[in-house]
Structure formats: C-alpha cells, structure tokens
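Because only heavy atoms are used, hydrogens play no part in the values below, and waters and symmetry mates are left out as well, while side chains stay in. Position 1 is the first residue of the sequence, and the numbers go up from there.
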Amino acid sequence: MFMLRRYVRMTREIPIFYSNFILVSGCELLGRFDMPSLFKEGDIMIGGIFPIFNKEIISTSAFDKEPPKVQCEGFDWRVFRWTQAVIFTIEEINNDPALLPNISLGYRILNSCDSPTNALRAALTLASGAEDVDVTSHCPPAVTAVIAEAGSTQSIAVAGIFGTFHVPVVSHFSTCACLSDRTKYPTFFRTIPSDYYLAKALAALVKHFGWQWIGAIQSDNDFGRNGILAFKEKVEKFGVCVAFVASVLRTYTRDKFLEVVEIIKQSSVKVILAFAAEGDFYPLMQEIVNQNITGIQWISCVAWITAPRPSTPEIYTAFGGTLGFVMQKKAIPKLKQFLTSINPYTDPHAPFMRDFWENMVGCTPILPGNTGTEATLKRCTGNETFMNSDHDFFDVTELRGTHNVYKAVYAIAHALHQLIFCKPVGEKPVTLCLNLSEMQHKEVLQRVNFTNHFGAEVYFDENGDPPANYEIINWQLINGKVHHVTLGNLTFAANGDYKLSIEEEKIVWRTGKTVPTSVCSNVCPVGTRKAQIQGKPICCFDCVPCAADCTPCPKEYWSNERKDKCIPRTIEFLKYQEPMGIAVTFVSLLGASVSLATMVVFVHNKETPVMKASNFELSSLLLFSLFLCFLCPLTFLGKPTVWSCMLRHTTFGVTFALCISCVLGKTIVVVTAFKATFPGNKVAGKFGHAQQRIIVCSCTLIQVVICALWLTSNPPHPHKLFTSSNNMIVLECNTGSEFAFYAVLGYIGILAIICLILAFMARKLPDNFNEAKLITFSLLIFCAVWITFIPAYISSPGKFTVAVEIFAILSSAFGLLSSIFAPKCYIIFLKPEKNTKKHIMGKTIN
C-alpha cells in the first residue's frame with residue numbers, strides 16, 4: 001500500500017481531465033469547520049459533497065463570537081443513496097484486481113445542506129485536509145478529486161475553489177450550461193448533459209405539440225436563470241411566446257410563493273415549464289395543490305421530475321400528467337444488497353445514520369451518546385431490518401442520478417489508473433511507470449474513454465460534458481402510486497441535430513386523453529384578420545373585420561364579395577366548346593378542306609398548261625404543307641398539357657418552314673426560268689426536280705434541328721398565370737426558352753424575306769401568267785401578318801394570346817393559299833380558253 005498523504009509536495013495529473021490531481025500535504029491549518037463526514041482512509045482520497053439535507057436553518061450572528069455550527073433539516077433519502085453509491089463503487093473498485101491494483105481508494109463525504117454557502121465550507125474543508133502537517137509547505141488540497149455537487153449554484157462555488165488547486169470536480173447532477181466555460185471552471189466535469197442540450201430538448205417538445213403560449217418558473221439562481229434564458233432563445237425561433245417568467249427559491253417567504261400563484265391564476269397559459277430545483281419548486285407545488293389550481297400541463301426539467309418528495313398522490317392532483325426529460329436509466333443489481341445492509345449499529349458514530357434510520361424505519365435508534373430522550377419518535381428495538389422493505393430507496397432497477405454517481409467514481413478511477421500505470425485498464429503488464437514521490441507536473445493529454453459494466457460509454461468532450469441523450473417520462477397514477485413512465489427518447493447527434501421519438505397515444509395528459517392547447521389568441525375566423533395588441537407578444541392579437549389589408553387567400557383561391565370566404569378561381573384556357581374555339585375549329589377545317597380540294601383539282605388537271613407552268617410537284621407539296629398549317633391551330637385548343645405544349649409550337653414551326661421552303665423552291669424555279677430566256681444561259685437546266693427537293697428538305701431540316709434543340713434544352717410546358725386583377729387562373733403554355741421560340745419565328749421570317757426578294761427580281765416575267773407576282777403578293781401578306789403578330793402577341797391577356805397566334809397562322813395560310821392558287825383555279829374553272837400553252841407563254845400587249 002502507498003500511504004500517499006504522507007508524501008510531501010507530491011503533484012500528479014489525471015490524464016482525462018487536462019488538469020492536475022494534486023496529492024500534497026505539509027501545511028498548517030488555520031481553522032477548521034465542524035462538519036461531519038462519511039470517512040474511510042485510503043491510499044488515494046476522493047472527496048464528495050452532497051445535499052443530504054435539503055435546507056439550511058438560517059441563524060443570525062452578532063459577529064462578536066465564532067458562528068454556531070450549521071444546522072440543516074429535510075433529510076433527502078435519494079441524495080443519501082448517492083453517497084452510498086460512492087462508497088459502494090469505491091469498494092467495488094478496491095476489490096477489482098484489474099483497476100488500480102495494490103492501491104486503495106478512500107473517501108470523505110460532506111453535507112452541503114443544498115446551500116452554496118455550506119457547499120463552500122465543505123469545499124474548503126476538503127481542500128484543507130484532515131490533519132496538521134509541515135508548516136514549511138504551501139497548502140494544496142488533501143483530496144485528488146471531488147464528486148460534487150447536485151445543484152449548479154453550489155457546483156459553481158465548489159468548482160471555483162478546486163479550480164484554483166487544479167483538482168477535478170465531477171458532478172452527477174449540475175446541468176447549468178455556464179459550467180462548460182473552460183476559462184472559469186477548467187477542472188469541472190460532469191456525467192449529466194448540459195442545460196444547453198436540455199433547452200433544445202424542451203423547445204423540441206413544445207414545438208412538437210404546437211404550444212404557442214407558455215409560462216415559465218425558474219429557480220432564482222444561476223441554474224434557473226441560465227436554463228430559462230437558453231430555453232427562450234430556442235422556442236422564440238419557433239414563434240412561441242413566453243407569457244411570464246416567475247422566480248422561486250427555497251429561502252423565499254410564503255408571500256413570495258403566493259405572488260407566483262397569483263401570476264399563474266391570472267394568466268391564460270395552459271402549459272408551464274418549471275426549470276427549478278426540487279427544493280426550490282416544492283413549496284410552490286404545495287401552494288398550487290392547496291389552492292386547487294388544476295388544468296395546467298406542466299413540463300419539467302431534469303431536477304425535480306423524478307424526485308421522491310413531490311411524487312405523491314397529493315401533489316399528483318395538480319401535477320398529474322407532467323412531461324419532462326431525464327437521464328437514461330440503468331440498473332445496478334449488486335447495489336441493493338449493499339443498501340439493505342446499512343445499519344446504524346454497525347458504525348454507531350457514522351454521521352447522518354440516525355436521520356436515515358428515522359426516515360426509513362420510523363423509530364429512533366439508541367446509539368452511544370444518545371439516550372433517546374430528545375427523540376420525537378418511538379425508540380427502536382434493534383431488531384429492525386431492510387431485507388423485505390419495498391421502499392423506493394432500495395429500488396435499483398431504474399437508477400438515473402445514482403448511475404451518474406457510479407460513472408463519476410469510475411471515471412476518476414480509470415484516469416488514476418492510466419496516470420499511475422501509464423496504460424489503460426486491462427492492458428498488461430501492470431507496473432508502476434512512475435515513482436509516486438517523483439510525480440511532478442506530469443502532463444498526460446489523453447482523455448478517459450471506457451465502457452462500464454452496464455454498457456454505458458463514459459467520456460467527456462472538450463467542455464467536460466458527456467454525450468446528451470434523454471428519456472421522456474410522464475407522471476401517471478397507477479394503483480394509487482405516482483409512476484414515472486418512460487414514453488419516448490431524444491438523442492443528439494455529434495453535429496447537434498436531434499431525433500425525438502414519443503409514444504403519444506400512451507401519454508396521460510392533465511386534461512385527459514387529448515393534447516392540451518395553449519394559445520394567447522385563437523386563430524382568426526374567416527372574414528377577419530390579425531390586429532397586433534400594443535405591448536403584448538406577437539402571439540396575442542385581436543381579430544378585426546378584413547379591410548384592404550385582409551389576409552390573402554391561397555393562390556388558387558379568390559375572395560368572395562363579402563371577403564369572408566376563399567373560393568376557387570376559374571381556370572381559363574381556350575376551349576373547343578366556347579364560341580371562339582368553335583370558330584377556330586370551323587375556320588381551320590375549312591382551310592384544310594380547301595387545301596385538299598385544291599390538291600384534287602391540281603391532280604385532275606396536272607396535264608394542262610397552267611399546271612405544268614406551276615411546277616406540279618412543288619405545288620402539291622405546298623398544298624400539303626398548307627393543309628398541315630390549317631390543322632395546326634387545333635393543337636392550340638383545349639387544356640394545355642406537357643405534350644400539347646410541345647406539339648403546338650414545334651408543329652407550327654416545322655409546317656410553316658416546310659410551307660415557305662416550297663414557296664422558296666417555286667420562286668427559284670421562276671427566277672431560273674426567267675434567266676433561261678437569255679441565249680446561252682444554262683441555269684434552268686441545272687435546277688431540276690432533284691435540286692428543288694434538296695432545297696425544300698434542307699431548309700425544313702434546319703427548322704427541325706432548331707425545334708429538337710428547343711425540346712431537349714428547355715421545352716414548352718404548362719404554366720399557371722395568377723393575376724391579381726381578376727379571379728382567373730390563366731392556364732397557358734410557357735414557351736420555356738424565349739430564345740428558341742423567337743429563333744423558330746425568325747427562321748421562318750428569314751425564309752420569307754429571301755422568297756420576297758427573289759420574287760421581286762422575277763416581276764418582269766410574261767404578264768399572262770406571272771407566278772412571281774403572285775408569290776410576291778402572298779409573301780407581302782405573310783410578312784404583314786407576322787410583323788403585326790409580335791406586338792399583338794405580347795400585349796394580349798390570358799387566352800387571347802393563344803387566339804392571336806391562331807389568327808396569325810390562319811391568316812398567313814389563307815393568304816398563301818388564295819394568292820398563289822386562286823388565280824390558277826380561276827383559269828381552270830372560269831377561263832379554260834386561257835389554259836393553253838400559247839396563252840401561258842404569251843405577253844401582255846400594252
């Protein structure tokens with residue numbers, strides 16, 4: 001064994017904590033607080049500070065003599081179990097040959113009375129040591145690490161003291177996010193998640209159930225104020241309003257608690273978060289029960305929801321159905337045997353034992369120095385036992401805080417093991433790598449990371465915090481007893497994202513089986529709008545009749561005349577059955593029929609001179625393209641779809657390109673025929689039927705390529721045009737690529753201009769049948785129609801945009817059909833005497 005406390009100025013550092021475990025003695029004590037402690041000597045001492053009593057009895061002092069010994073009341077058996085868990089875990093470690101072999105751990109556990117002042121006294125007591133030593137040395141603490149404290153405010157005081165001496169403080173129940181500040185508390189660690197995560201968890205719960213108007217009650221200390229501040233920052237991002245924040249503290253007078261009760265009674269909130277320690281909140285719970293305030297859905301933080309004192313049927317009458325987050329539960333089976341073996345007669349001088357025995361057994365043990373004359377309870381017989389007790393103190397199947405204590409002790413032991421033996425637990429050989437007397441400021445940067453006997457991974461992040469995982473529990477009354485029923489969980493990922501899982505159907509609400517609602521103002525009915533109330537949160541508003549600034553209807557709806565109802569808008573597009581659609585269909589079919597009839601006439605009279613002079617092949621192809629042009633407007637009718645939108649624009653582009661290509665071919669034929677009248681000119685012989693077909697196909701193919709690129713890059717598609725000026729939704733075909741649309745039109749225009757120029761050049765052909773003049777006239781009509789189309793197309797509203805495009809298609813097609821083919825039909829039917837070769841080749845005599 002190494003009696004480490006006998007070494008002078010021996011300094012050592014725990015690997016996991018980036019801080020020093022200092023084991024030094026050798027200075028003179030200037031004073032000592034008279035504080036009872038649970039004590040057992042060991043080679044390495046671990047300190048503990050716990051609120052075994054939950055209230056300090058305040059005494060006044062005249063400062064003319066030494067203050068009296070601190071008196072406490074309110075024995076807390078749950079905290080006493082935490083102290084016993086420390087002792088149990090240390091004994092388990094001492095009996096483990098793999099962990100700290102040949103080195104024993106000792107402990108010294110003090111009571112803080114749940115008071116920051118008394119926690120500070122306890123910290124100074126542990127830091128000062130238990131015996132007088134060499135006066136030539138400075139005064140470092142006599143413990144290597146401390147497990148403290150349950151309350152965040154107390155932990156702030158304790159961590160401030162021990163941080164000066166670089167002694168690690170590991171808390172099992174202090175959650176204040178402020179303790180993660182490494183500049184202020186460099187040696188503070190904890191085995192319970194920070195309130196930074198708890199605030200996010202509570203905000204996620206509020207958001208999940210849609211609560212918009214809530215109240216908050218906080219402990220009037222660092223724990224409560226920081227917790228509510230973090231919570232407000234989170235929920236306000238979700239549009240939640242906090243109606244009030246009231247403060248409580250165990251040292252408050254009853255009048256202050258009654259003031260908080262009045263705030264609750266006068267508020268309209270139905271959901272209240274209590275971010276307070278159990279000792280601070282319990283007096284308020286009693287007042288709420290006494291005044292029969294029910295119908296409130298309570299949300300709890302970790303601090304009080306599983307505490308035994310408020311978990312009674314009496315408190316349940318007002319707080320039943322409470323929801324809250326707690327640490328994940330674990331079972332420590334061997335702990336029960338240890339707890340049931342506790343007996344005041346084993347160590348009669350052990351502190352806190354009389355209070356424990358009276359609280360658990362209901363009688364006063366007769367111990368040395370205690371005759372029992374001051375006892376208010378009956379005297380014990382000495383035969384009392386816990387072997388068959390069903391008290392919750394002995395229930396080790398759902399341990400939360402106790403398991404955190406268990407992890408804290410093991411974390412310290414693993415860090416000590418790695419420091420002393422320079423290797424993790426389990427690695428062999430196990431030999432001292434450093435002489436204990438020479439361990440001076442040895443830095444070991446590796447953090448502790450291990451999995452305990454129950455599968456829980458124990459490690460700390462850079463702020464000394466453990467991983468954050470919570471269980472959601474619900475207060476339910478089963479067989480006359482309050483049970484903390486687990487109904488879900490919330491887990492945090494490394495990046496801060498969380499996953500919330502709740503079995504909602506199993507929740508017992510304060511209002512019954514339905515999820516309670518909590519809003520400051522109900523949703524405004526139709527015909528009214530929100531009007532913000534000055535000086536109130538955004539969740540509070542009045543509903544006033546709609547005026548010019550009424551709440552707009554959804555896009556596909558429109559307000560009725562009374563402005564109290566949203567009605568569906570009428571979808572507008574050019575239909576077949578409406579008058580305009582009928583007219584378009586009639587004219588399109590008429591033009592197609594005339595084109596077919598003209599083709600029939602041409603086929604029947606193809607051997608006549610006028611047909612031979614008109615180039616029968618190109619004329620037939622031109623009539624076929626005009627037939628398609630007349631049918632093209634039919635694709636513009638009906639409800640636009642993806643396919644119809646692509647079909648209508650590409651069909652129009654290709655058919656008109658084919659049509660103008662045929663006209664171009666005819667024009668070139670006329671020009672070459674004119675040139676052929678000059679002696680020696682062989683152009684006409686080189687421009688035969690094959691060349692004509694090449695010109696028509698190549699010119700049309702270019703348009704096909706443009707349309708193909710259009711369809712593959714950004715094709716036309718259906719589009720809903722919402723207008724604010726009427727109650728219509730215009731369903732139209734968006735061209736997709738405006739550039740491609742105007743490229744199609746531009747290409748047709750280029751072909752038409754080339755034709756017009758060539759036809760103008762051939763205007764001096766014989767007058768009896770001058771087809772060049774006919775082509776020129778038809779192209780002038782064509783160009784005039786499409787030049788006027790562009791501004792009319794841009795300025796036309798709704799379905800009239802489609803009507804303008806249809807009008808342009810039909811007008812230009814009729815212009816070409818009538819200008820080029822009507823004179824020929826006139827000669828065939830009405831002037832057959834002119835249908836001779838002599839007349840066709842003749843010239844007009846002026």
About how many Å separate [atom2] of [Y] and [atom1] of [X], when rounded to the nearest 0.5 Å?
X      : Y      : atom1 : atom2 : value
Phe325 : Thr306 : CZ    : OG1   : 14.0 Å
Ser194 : Asn226 : OG    : CG    : 9.5 Å
Thr89  : Asp96  : OG1   : CG    : 12.0 Å
His417 : Leu99  : NE2   : CG    : 6.5 Å
Ile538 : Gln212 : CD1   : CD    : 8.5 Å
Leu179 : Phe188 : CG    : CZ    : 4.5 Å

- If you draw a 6.0 Å radius around NZ in Lys184, do more than 12 non-hydrogen atoms from other residues or ligands fall strictly inside? no

- Message: Would you say that more than 12 heavy atoms from the other residues, nucleotides or ligands in this model lie under 6.0 Å from the OH of Tyr196, or not?
- Response: no

Less than 4.5 Å apart, any side-chain heavy atom of [X] and any of [Y]?
X      : Y      : value
Phe50  : Asp76  : no
Trp211 : Ile299 : yes
Phe244 : Ile272 : yes
Val260 : Tyr252 : no
Tyr459 : Pro467 : yes
Asn404 : Met327 : yes
Trp298 : Ile217 : yes
Leu490 : Leu500 : yes

When the ring planes of [X] and [Y] are compared, do they come out parallel, tilted or perpendicular, using 30° and 60° as the limits?
X      : Y      : result
Phe75  : Phe53  : perpendicular
Trp304 : Trp475 : perpendicular
Tyr406 : Tyr410 : tilted
Phe460 : Phe189 : perpendicular
Tyr470 : Phe492 : perpendicular

Under 3.5 Å, is there a donor-acceptor pair linking the side chains of [X] and [Y]?
X      : Y      : result
Asn463 : Asp465 : no
Gln218 : Ser247 : yes
Ser501 : Asn489 : no
Thr402 : Arg78  : no

Could you tell me whether the side chain of [X] and the main chain of [Y] form a donor-acceptor pair under 3.5 Å?
X      : Y      : value
Thr83  : Phe80  : yes
Thr491 : Asn469 : no
Thr322 : Phe319 : yes
Asn54  : Gly74  : yes
Ser518 : Trp213 : yes
Asp43  : Ser104 : yes
Arg108 : Leu126 : no
Asn94  : Leu105 : yes
Lys200 : Gly496 : yes
Ser219 : Asn221 : no

- With sequence neighbours left out, the residues meeting side chain to side chain contact (heavy atoms under 4.5 Å, CB included) with Ala157 are Leu120

- Apply the salt bridge (Lys or Arg N to Asp or Glu O under 4.0 Å) test between Asp280 and each candidate in Lys256, Lys55, Arg250; give the one that qualifies. Arg250

Where do [X] and [Y] come nearest, in terms of heavy atoms and distance?
X      : Y      : value
Leu198 : Cys301 : CD2-CB, 3.8 Å
Phe450 : Val448 : CD2-CG2, 3.5 Å
Ser152 : Thr175 : OG-N, 3.2 Å
Glu56  : Asn118 : OE1-CB, 4.2 Å
Val167 : Ala145 : CG1-CA, 3.8 Å
Ala122 : Leu110 : O-CD1, 3.4 Å

- For residues 219-239, pull every pair meeting salt bridge (Lys or Arg N to Asp or Glu O under 4.0 Å), keeping only residues two or more places apart or in separate chains. Asp220-Arg225

- Excluding sequence neighbours, so at least two apart, what forms salt bridge (Lys or Arg N to Asp or Glu O under 4.0 Å) with Glu471? Arg400

- Matching residue for Trp82 among Ile147, Leu399, Ile109, Val405 - test: side chain to side chain contact (heavy atoms under 4.5 Å, CB included): Val405

